[in-house]
Protein chains: 2
Amino acid sequence: MSIFSKTCEYAIRAVFFIAHRTESGDRVGIKEIATGISSPEHFLAKILQDLSRRGIVKSAKGPNGGFYMDEQTLRRPLVDVVEAVDGNGLFVGCGLGLVSCSEKKPCPLHAEFAVIRKNIHQMLVKTSIGDFTEDLNLGITNLKK
Amino acid sequence: MSIFSKTCEYAIRAVFFIAHRTESGDRVGIKEIATGISSPEHFLAKILQDLSRRGIVKSAKGPNGGFYMDEQTLRRPLVDVVEAVDGNGLFVGCGLGLVSCSEKKPCPLHAEFAVIRKNIHQMLVKTSIGDFTEDLNLGITNLKK
DNA sequence: AAAATAAAAGATAAAAAACTCTTTTATTAT
DNA sequence: ATAATAAAAGAGTTTTTTATCTTTTATTTT
Ligand code: FES
Ligand code: FES
């Protein structure tokens, strides 16, 4: 188990990749993204189709087409990507799988989970997709393999 | 996605249940545990077989048999249960799925993940299986549904 | 020794997640 | 108009996770 599903890992890496490639205003094709983030091409295509439908990334068909982002989408918080792919299970609901998470009849780890889930949520809320392009451009951070 | 796999959720709920039932020294059968934590009986059986092989719970066959825990197992940290079932993927390795998590070529969220994973790990290290029996006995906390 | 009990083990099945391949649709450039 | 391009959509397959059912083994009680 890791924090996110593989699908979500690909999704986040992909939006980061698109973000840092879209600064120059151009679009980037699925093949380039897939190799750029070391993900299976057709699987990633499905993921991006979904993100595109939800308006998290933009896309254009045909020659010079591809995926891109605008000012507005770059400012969206990471949590939007995570929720679109993995849902909100990380932030709401009982960490031990009880049907409801409540103060009234909490599971033994309720208090501990409250802290952790808040941490995760806040980090995803306060970071936005575009926040990481600079380091990527500088080669300080990495999305591949 | 939630933090733990369902298997792991059942495992944690089960050890908590056994712990709070074993205080009186007696053993508790799989059926009772399964209904006590609202889990599928045979699936839970598999999970407990595994935990038993690893020494995280004790078991005895035959009449008056069942699962139980001793002083030593009650003191084991929760992280032992989680690692046994879900592995250490929550604490080590890149949160974005890169093959290695390193300071040298980190993913964009490396610093953020470091904090979160440390939080999760520390909470699982500093809590032990037996820490929650009292509240369970008092009916303050709950493991069912 | 025989019967009863309860976990262990084995074998299968269903559902979800991860991944692949092919065809269609929209757009652009010639 | 036609050809080329690239995403969208459709239709699978494979693998992993979750779950069920049956048989075997160990232990205890009678
Ligand atoms: S009840 Fe389990 S986390 Fe709140
Ligand atoms: S490289 Fe991604 S978490 Fe460290």
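We name chains A, B, ... by the order of the sequence lines, and we start the count at 1 in each one.
Between Asp50(A) and Lys46(A) there is no salt bridge, since none of the side-chain N atoms of the basic residue sits less than 4.0 Å from a carboxylate O of the acidic one.
Mapping Gly62(A) and Met1(A) onto DNA chain D by nearest heavy atom places Gly62(A) at the nucleotide closer to the 5' end. In terms of position along DNA chain C, the nucleotide closest to Ser5(A) lies nearer the 5' end than the nucleotide closest to the other residue of the pair Pro63(A) and Ser5(A). Between Tyr10(B) and Lys61(A), the one whose closest nucleotide on DNA chain D sits nearer the 5' end is Lys61(A).
Between Glu32(B) and the options Arg27(B), Arg21(B), Lys144(B), a salt bridge (charged side-chain N to carboxylate O under 4.0 Å, His left out) holds for only Arg21(B).
Residue Arg53(A) is in sugar-phosphate contact alone, with no base atom involved, counting any heavy-atom pair closer than 4.0 Å across all strands shown.
Glu32(B) places its CD atom 10 Å from the P atom of dA6(C), with the value rounded to the nearest Å. Look at CG on Asp86(A): it is 13 Å from C1' on dA18(C), rounded to the nearest Å. Tyr68(A) has its OH atom 11 Å from the P atom of dT27(C), to the nearest Å. Rounded to an integer number of Å, the gap from Phe67(A) CZ to dT5(D) P is 18 Å. Spacing between atom CZ of Arg27(B) and atom P of dT27(D) amounts to 11 Å, rounded to whole angstrom units. Between the C1' atom of dT27(C) and the NZ atom of Lys58(A) lies a distance of 17 Å, rounded to the nearest Å. As a whole-Å value, the separation of Lys31(B) NZ from dC21(D) P is 13 Å. Rounded to whole angstrom, the span from the CG atom of Asp26(A) across to the C1' atom of dT28(C) amounts to 17 Å.
If you check residues 34-51 of chain B against DNA chain C, the residues with a heavy atom closer than 4.0 Å are Lys46(B), Gln49(B), listed by number.
In terms of phosphate contacts, Asn64(A) brings a side-chain nitrogen or oxygen within less than 4.0 Å of OP1 or OP2 of dA29(C). For dT18(D), one of the phosphate oxygens OP1 or OP2 lies less than 4.0 angstrom from a side-chain nitrogen or oxygen of Thr7(B). Between Ser59(B) and dA8(C) there is a side-chain polar atom (N or O) within less than 4.0 angstrom of OP1 or OP2. The phosphate of dA7(D) has neither OP1 nor OP2 within less than 4.0 Å of any side-chain N or O from Ser52(A).
Nearest heavy atom pair, residue Arg117(A) against residue Cys101(A), reads NH2-SG, 3.5 Å. Considering every non-hydrogen atom in both Ser5(B) and Asp86(B), the closest pair reads OG-OD1, 2.6 Å.
Proximity of a side-chain donor or acceptor of Ser52(A) to a complementary backbone N or O of Lys58(A) within less than 3.5 Å is not detected.
Between Phe132(B) and Phe16(B), the ring planes are tilted. Angles from 30° to 60° get that label.
Applying the ring pair (Phe, Tyr, Trp, His ring centres under 6.0 Å) test to His121(B) and every residue at least two apart in sequence or in another chain returns Phe91(B).
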